[in-house]
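Values reported hereafter were calculated over all heavy atoms of this structure, with side chains retained and with hydrogens, waters and symmetry mates removed. Just so we're on the same page: letters track the sequence lines, and every chain starts at 1.
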Protein chains: 2
Amino acid sequence: MTIDDDSQIAVAKDISTKSNRSHVTSPQLIASPNVTIYDVASRAGVSIATVSRVLNGYSQMKPATRELVVAAMRDLRFVPNNSARGLSSGTKMVLGMVFLHSEAIDPGLEVEEDTLLFTDAVIRGAEEEASKSGYALLLGGVGKARVSETIDRMFSNCDGVILLDRTVPDRAIPTIAKRLPTVLLAGNGKSRSATTIRVDNEEPMKKLANHLVSVHGYSSFAFMAGIRTSPDSAAREMNFREEIARLGGRVETDSIWESSYTTSGAIAAIEARLKMDRSMPEAIVCANDQSAVGVIYALEHHGFRVPQDVAVTGFDDISLSRRITPSLTTVRQPFQELGKAAVEVLVRICQGEIKSGSGSRVLPTKVIYRSSCGCADVSESSVEKFMRGRG
Amino acid sequence: MTIDDDSQIAVAKDISTKSNRSHVTSPQLIASPNVTIYDVASRAGVSIATVSRVLNGYSQMKPATRELVVAAMRDLRFVPNNSARGLSSGTKMVLGMVFLHSEAIDPGLEVEEDTLLFTDAVIRGAEEEASKSGYALLLGGVGKARVSETIDRMFSNCDGVILLDRTVPDRAIPTIAKRLPTVLLAGNGKSRSATTIRVDNEEPMKKLANHLVSVHGYSSFAFMAGIRTSPDSAAREMNFREEIARLGGRVETDSIWESSYTTSGAIAAIEARLKMDRSMPEAIVCANDQSAVGVIYALEHHGFRVPQDVAVTGFDDISLSRRITPSLTTVRQPFQELGKAAVEVLVRICQGEIKSGSGSRVLPTKVIYRSSCGCADVSESSVEKFMRGRG
DNA sequence: TTGTAAGCGTTATCAC
DNA sequence: GTGATAACGCTTACAA
């Protein structure tokens, strides 16, 4: 419908030759008198098949007929019923996105707003891309135990589904993928059953390791994991450890270095570590920015200067990382692009262009050197940046 | 389906007595061999009507029969087809949320991530509440000109829709509301056709005005609007102006005080203002936190100290407002609650408990005094706060 | 190029 | 308490 002109709604009611359809004497209560292809057909003087053809952009039609139908659709303000479409064709033009509720990520914490950022940005990117391709995006948040409910909803409402990392137990993925085109977001990329979209964790971690060793001369390190079972965290940790080992440095191995990806978790970890040993490694590399922020807070709280006493780095490049002091050296990850890429791939799978499970797609990342690693922060000030932004 | 056990999918395939249904010789290509109520019915030895009754929690059934059906559903891993349900019953168990794409809010700007916050938090709150009520949430982002496409998608996929402020021209709302239960979020509350959920802009703005005058003794002010046509911005401005007038203060009236709700917009506005007149009012009250941040940046960039030379306040209480220096005096707005409340109301409208258009619901807000207005910031440090958060 | 009619998987109205 | 069966609004063979 065209929402720019309310008056036509009246027209629709007057003209509607509703129930002209031959085989019906509507027995059900119908909430709103919705216009159907029968109405359009009878107004245009054609069959419903013809209306359907117009609706689906069937090419081999007499242009005049098409015009007629289009006009009738406009006049009656016809909006196709997607349930009927979905039922008949099996295609719903809806994609699902399964993510973790914030309480599931960090229960009990008042609010850690930035935690929302990753998922939100992905959702935004996905929605934008989906709507470009004519799909709608259905949200499926999962908390403690809602997983199977949510998955069922996806099955019954969507043509395909994007599963964010850790929303669904690994072993369930093949089952899901068997039933519905599935794309994994930020998973480990090892699933044979579904395509994975993720960022490059290898190159930037090696680069970062090299930078810390060659440029700043550090040799003792710790890696603050997010959640050890998270593929991203694991990959970042592994690549960092490997490279440091290759360069002859040492990385602590204590299991205490785990933050739940949160600021508060990182603070708690540092506290715990300090109870065991007052000394600190020369540099702490974190699996994400939020924990890096926590590490910096906690270190400074206990009298360590960053980066003079201990260098700290993050991963993500959330906006906060530019604003804290010291500004955070980190790895820029294209949040929205991840969502977009996932939808792109999923749409192509749904449309049969590519088949499910075909490998993984890796998006590039970039190391951003700011001051928390010991570099001079050469980025523009916020004001300058914003001003330039205005042209 | 229960996703905890992949093996049963095999069972489903073996047992399925598909196409037992009397009246069918499936002519269409069916992508996946989905289990239907026919399969369940034949496996349980009952009619499809009985299966449907179980599905809908019909109470007057022999428990034994119910058991039988439930077992069959479990065994076959039956998931009801929502398109069919929607077609037959007209109820889709899907709610729509229409919001503005970020590019529509602030085109051309690189990324102003915090801009996302309001909408994202609302979406999260809405999704959580929706899923509690058994509904799914469908996203409908609108950019430049996608409005009517998106609205159509809502019509054809949803039982009801939440319209965020400024997503749809005012005059189109009655048309939409006539066709679909509609709730307005952060609108002006004046629509007769749809219920509005919004926050209280009156009490906190009056309180703030009083605070600035009585506690700090300011008498010259400016109000940095977001977008003048935005009901929230307008309400905040009006209430502030009224109260200041009552108290005998002055508020500038130049139209230059408008930020587009963004940091960069606020900076640009301050720059423009400075070109006209080097002096500044004693206090600048902003329609949201993002613009307050821009105001502070720009003022300090030009040698003004905040709050000593100029006091600044915001609205929203985004996490950044606690972290900047000086910390921002602002009004806390319950983002997620807004989403929740909107869904709550919408669900009740959809279920016929209350009728559409019945008044508006106003959520409370709270003034948070920090240092940018001249108060001493008594809030805990970040570290302390985070630590306490851990218990 | 267009029309006829079967079928998609549910719900709901009748009977029994 | 349960079973037949029509109807929901659309797509798609197949026929014309």
Over all atoms of both residues, closest heavy-atom pair of A:Phe155 and A:Arg179: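 What the structure gives for the nearest pair is CG-NH1, 3.4 Å.
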Within the structure shown, what part of the strands sits under 4.0 Å from [X] by heavy-atom distance: base, sugar-phosphate, or nothing?
{"X": "A:Ser83", "result": "nothing"}
{"X": "A:Thr50", "result": "sugar-phosphate"}
{"X": "B:Asn56", "result": "sugar-phosphate"}
{"X": "A:Val46", "result": "sugar-phosphate"}

Could you give the [atom1]-to-[atom2] distance, from [X] to [N], as a whole number of Å?
{"X": "B:Asn34", "N": "C:dG7", "atom1": "CG", "atom2": "P", "value": "19 Å"}
{"X": "B:Tyr38", "N": "D:dT5", "atom1": "OH", "atom2": "C1'", "value": "9 Å"}
{"X": "B:Lys92", "N": "D:dC8", "atom1": "NZ", "atom2": "P", "value": "14 Å"}
{"X": "A:Arg66", "N": "C:dT2", "atom1": "CZ", "atom2": "C1'", "value": "13 Å"}
{"X": "A:Ile48", "N": "C:dT2", "atom1": "CD1", "atom2": "C1'", "value": "12 Å"}
{"X": "A:Phe155", "N": "C:dT10", "atom1": "CZ", "atom2": "C1'", "value": "19 Å"}

Residue whose nearest DNA chain D nucleotide is more 5′ - B:Gln60 or A:Val51: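 It is B:Gln60, whose closest nucleotide lies nearer the 5' terminus.
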A:Glu353 and A:Arg348 ion-paired at < 4.0 Å: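 Counted as a salt bridge, because a side-chain N and a carboxylate O are separated by less than 4.0 Å.
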Would you tell me if any nitrogen or oxygen in the side chain of [X] comes within less than 4.0 Å of OP1 or OP2 on [N]?
{"X": "B:Ser89", "N": "C:dT10", "answer": "no"}
{"X": "A:Ser47", "N": "C:dG3", "answer": "yes"}
{"X": "A:Arg85", "N": "D:dT11", "answer": "yes"}

Check: A:Ser88 side chain, C:dG7 base, donor-acceptor under 3.5 Å: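 Such a pair is found, so the answer is yes.
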Per A:Lys62 side chain, nearest of listed nucleotides C:dT1, C:dG7, C:dT10: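 Output: C:dT1.
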